[in-house]
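Down below is the structure, laid out as structure tokens.
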Amino acid sequence: MDGSAVAAARRALLEHFRWQDGHADMWRVFRDPAALAAVVGGLAAPFRDRGVTAVLGVESRGFLLGAAVAVELGAGFVAVRKPGALFPGPKLTAATGPDYRGNRHELLLRRDSLGPDDIAVLVDDWAETGSQALAVRDLARALGANLVGLSLMVDQLSDATRQLLPPVSALVQAAELPLTQ
Ligand SMILES: O=P(O)(O)OC[C@H]1O[C@H](OP(=O)(O)OP(=O)(O)O)[C@H](O)[C@@H]1O
């Protein structure tokens, strides 16, 4: 793994991270071209040369990051959608547990988007309860794909939840972020 790429991504994230209106503001890093490139490179680094064929991303920030990481890895991008948007074709659905807001919802995956030949990675900006990541794990498994890991900007998962998931790589742990709001 290219440790320097991960280190540069960590620096970019920590430099641009702010709290805004009581919430983590992840958007600043997207606005800075160098920071965005560093973060995308750092998310891709642990999975280079792993034969990844598909990067999965959950709507909406997972779409942005996942597609960029897919380009870095020479893989395709697979959208995991939330209900309510047009998403043609036969689909699998998985119910999530309560997420960090206490909401439960369904995630949708097209049946033709993954198969047993796929080596897949889930990319997201943040995981807290892991509710969405666990549902994606189930969806990928149901289609026979090999979900080899998660690549996150921020890991706030409990140890118990992390053990239920494929190996998690993260640029930072949530506890490393500045506490000031
Ligand atoms: O670990 P969990 O508790 O499941 O939460 C993690 C999810 O929540 C956030 O997305 P959100 O649903 O807020 O959508 P967004 O990307 O549009 O902000 C984040 O991008 C993850 O997908």
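By convention here, the first residue in the shown sequence is residue 1. The analysis underlying the following values was restricted to heavy atoms, covering all of them including side chains, and did not include hydrogens, waters or symmetry mates. Both ligands and their constituent atoms are indexed starting at 1 by order of listing.
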What's the shortest distance from [atom] to any protein heavy atom, and which residue and atom give it?
atom	value
atom 6 (C) of ligand 1	Trp126 O, 3.3 Å
atom 8 (O) of ligand 1	Tyr100 CE2, 3.1 Å
atom 18 (O) of ligand 1	Arg61 NH2, 2.6 Å
atom 15 (P) of ligand 1	Ser60 OG, 3.5 Å
atom 3 (O) of ligand 1	Thr129 OG1, 2.6 Å
atom 11 (P) of ligand 1	Lys82 NZ, 3.5 Å
atom 10 (O) of ligand 1	Gln132 NE2, 4.0 Å
atom 19 (C) of ligand 1	Asp125 OD1, 3.2 Å

Exercise for the section: Quickly, which of Leu14, Leu43, Val154, Asp155 forms a side chain to side chain contact (heavy atoms under 4.5 Å, CB included) with Leu171? Name it, please. Expected result: Leu43

Practice task
Decide yes or no for Leu134 and Thr161: does some side-chain heavy atom of the first lie under 4.5 Å from some side-chain heavy atom of the second?
Solution key: yes

Exercise for the section: Go through the steps to decide whether Val136 and Val58 satisfy the test side chain to side chain contact (heavy atoms under 4.5 Å, CB included), and finish with yes or no. Expected result: CA-CA 8 Å; Val136 170; Val58 178; 3.7 Å; yes

Practice task
Please identify which atoms of ligand 1 are closer than 4.0 Å to at least one heavy atom of Ala127.
Solution key: 1 (O)

Handout entry: Enumerated ligand 1 atoms positioned under 4.0 Å from heavy atoms of Asp124
Key = 19 (C), 20 (O), 21 (C), 22 (O)

Exercise for the section: State, without any angle test, whether Asp99 and Thr129 hold a side-chain donor-acceptor pair at a distance under 3.5 Å. Expected result: no

Problem - Side-chain ion pair, Arg81 and Glu59, N-O less than 4.0 Å - result: yes

Handout entry: Parallel, tilted or perpendicular: rings of Trp126 and Phe17 (30°, 60°)
Key = tilted

Exercise for the section: Could you tell me whether Arg101 approaches ligand 1 through its side chain, its backbone, both or neither, with non-hydrogen atoms closer than 4.0 Å? Expected result: side chain

Practice task
Give the contacting part of Asp99 toward ligand 1: side chain, backbone, both or neither, where contact means a heavy-atom distance below 4.0 Å.
Solution key: both

Problem - Close approach, Gly130 and ligand 1, non-hydrogen under 4.0 angstrom - result: yes

Practice task
Report yes or no: does a heavy atom of Gln156 sit under 4.0 Å from some atom of ligand 1?
Solution key: no

Handout entry: Separation between NE2 of His105 and OG of Ser131, rounded to the nearest 0.5 Å
Key = 5.5 Å

Exercise for the section: Decide if atom CG of Asp49 counts as having more than 12 heavy atoms of other residues, nucleotides or ligands within a radius under 6.0 Å. Expected result: no

Handout entry: Verdict with reasoning, Asp25 to Arg28, per salt bridge (Lys or Arg N to Asp or Glu O under 4.0 Å)
Key = CA-CA 7 Å; Asp25 180 4; Arg28 294 166 53 93; 5.1 Å; no

